[in-house]
There are 2 protein chains.
Amino acid sequence: MKLGFVQNHPVFGNVRENVDRTLEMLAGQEAGLIVLPELFSTGYQFAGREEALELAEPIPDGPTARRLIDLARSQKTALVAGLAERDGKTVYNSALVVGAQGYIGKYRKAHLFDAENDVFQPGDLPLPVFDVGPCRVGVMICFDWRFPETARTLALNGADVIAHPSNLVLPHCPQAMITRCLENRVYAVTADRVGTEARVPGESLKFVGQSQVVDPDGQVLYRASVDREETKIVEIDVARARNKKINPRNDLLAGRRLDLYRLN
Amino acid sequence: MKLGFVQNHPVFGNVRENVDRTLEMLAGQEAGLIVLPELFSTGYQFAGREEALELAEPIPDGPTARRLIDLARSQKTALVAGLAERDGKTVYNSALVVGAQGYIGKYRKAHLFDAENDVFQPGDLPLPVFDVGPCRVGVMICFDWRFPETARTLALNGADVIAHPSNLVLPHCPQAMITRCLENRVYAVTADRVGTEARVPGESLKFVGQSQVVDPDGQVLYRASVDREETKIVEIDVARARNKKINPRNDLLAGRRLDLYRLN
């Protein structure tokens, strides 16, 4: 199957223009699954909860979600896209999952990073794995990577591919996602953004780009630049992620020593 | 405290000479903790269980364990050392833990790699954390790294430092140990060996060296060569591993979402 990402450069608050630009970057791209960055339509650095509430939209009934659902239908391409989600008076840092047949589901970021705790409500939905047709996709958002339990839960729930919308500002994640693939034998697509936001005094955030696709053997199939917008699609073999053996004696899920772990 | 490793090059089966050489490499080294490679005294590639049984020794009463206990006492240095352990008719791929006051405990490798399953019995002891004086040390052996539950269990049990005797033949581990440190905010010492063994027809094993010390922020404090024997000691600040916060809002252990994980 074909698997890819958009690495974009949103302008904070210009939702309609940011979505326009991303749809342009998706135009004509055919793939089984394409992943967009975290908060791809709004930008990242909200001044507070009220501002986020104004820019957030319902999932799946908000205008940005509808536009993505329409595009997925017309291009027959599944999408995972990070969005600020409004649910009544609550805002979540969420991801929409949509397939060629329409809306599939959503995920709300479980591990909020730093000042995100002042803006968003922590996720209250299970770590999801959705069948989007060509593969089973597990979703986690940005800082969720830091907790190995997230990717592990997705792999145990049957994910072939981890879709990982991100807005990375720290340097470690691209390399660490290799470990996530090696330990779970999954593909992972990290869709990051580029550019800088400095809306909060003293807090200039530079996003590190380097969106990437990694395979179940930890090979980086493609890694994007640190500073340019880009759409990239690569070919993968989903069957490789369904075989958890790295040799005839070692299965990375069945070989776990649950009798010895203490994880609470 | 001072923390280090020996990267050695054992000759298969020459236990006495291998231990002599390692004691030479330790002579005069003063440190809070020094880690030796997996199976440092015997070499790695046993033809089968019978050969391993002949070369293995009891822990702590075998001659190699006694020599290490004497050295730890005289140099006032804690040691973690990988040994083939004989217990009756059973052989484990074990690690001895010894402090300046004498024998402390042992660990038996939980996740056996590939042909090791034909030689060793899987570990049946808890994943251990021992107070060796200057730090609390958790022990895992080589391929245990591939399962994130191992290092996580050690961190949750209070390890400041993960001592990781290894005989690495695959390329990924040195980078992946950076992830283990980032996700658990611990120090990790991987003590590897160098050289090649080709005792089994068609199975030439080249060990990759690159023994290293990594800090809780994922910085590689030192990484050894791929092909030379070496003893290295670095200075660390154990207190850094006891603070699991990466910013005022994110504690890497307390911030786990146990309500959302499914790890069985």
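To find a chain, count down the sequence lines: A is the first, B the second, and so on, and within it residues start at 1. Excluded from the calculations below are hydrogen atoms, water molecules and symmetry mates; all remaining heavy atoms, backbone and side chain alike, are included. Owing to the predicted nature of the structure, the values given are computational and were not obtained by experimental measurement.
- A:R257 places none of its side-chain heavy atoms less than 4.5 Å from the side chain of B:F147.
- When A:D217, A:L182, A:L258 are compared by the number of non-hydrogen pairs under 4.5 Å with chain B, A:L182 comes out ahead.
- With a threshold of 4.5 angstrom between heavy atoms, A:L125 approaches chain B through N, CA, C or O but not through any side-chain atom.
- Taking B:G218, B:G123, B:P126 one by one and counting their heavy-atom pairs under 4.5 Å with chain A, the maximum is reached by B:G123.
- For A:F143, the part lying near chain B is the side chain, with the backbone staying farther off; criterion is any non-hydrogen pair under 4.5 Å.
- Within the 4.5 Å cutoff, side-chain heavy atoms of B:L39 are placed close to those of B:F46.
- For A:L154, no part sits under 4.5 Å from any heavy atom of chain B, backbone or side chain.
- Of the listed residues (B:H172, B:E149, B:R262, B:E116), the greatest number of heavy-atom pairs within a distance under 4.5 Å of chain A belongs to B:E149.
- In this structure A:N264 satisfies the side-chain hydrogen bond (donor to acceptor under 3.5 Å, both in side chains) test with no other residue, sequence neighbours excluded.
- Taking the charged nitrogens against the carboxylate oxygens, B:E183 and B:R152 have no contact shorter than 4.0 Å, which rules out a salt bridge.
- Heavy-atom pairs under 4.5 Å with chain A peak, among B:L170, B:D124, B:T150, B:I246, at B:I246.
- For the pair A:P174 and A:T190, the minimum side-chain heavy-atom distance is 4.5 Å or more.
- Of the two parts of B:I178, neither the backbone nor the side chain holds a non-hydrogen atom closer than 4.5 Å to a non-hydrogen atom of chain A.
- Listed options B:P148, B:P248, B:A115, B:P171 were ranked by heavy-atom pairs under 4.5 angstrom with chain A; first place goes to B:P148.
- Using a 4.5 Å cut-off between heavy atoms, B:N157 contacts chain A through both its backbone and its side chain.
- The shortest distance between side-chain heavy atoms of A:V208 and A:V226 does not fall below 4.5 Å.
- Contacts of A:D114 with chain B are made by both backbone and side-chain atoms, with heavy-atom separations under 4.5 Å.
- In this structure, the salt bridge (charged side-chain N to carboxylate O under 4.0 Å, His left out) partners of B:D118, at least two apart in sequence or on a different chain, are A:R249.
- Both the backbone and the side chain of B:N117 come within contact range of chain A, with heavy atoms under 4.5 Å apart.
- Neither the backbone nor the side chain of B:L253 comes within contact range of chain A, judged by heavy atoms closer than 4.5 Å.
- Taking the side chain as every heavy atom from C-beta outward, A:N247 and B:F113 approach each other to under 4.5 Å.
- Within the 4.5 Å cutoff, the side chain of B:D144 has heavy atoms near those of the B:Y107 side chain.
- Heavy-atom distances place both the backbone and the side chain of B:P122 under 4.5 Å from chain A.
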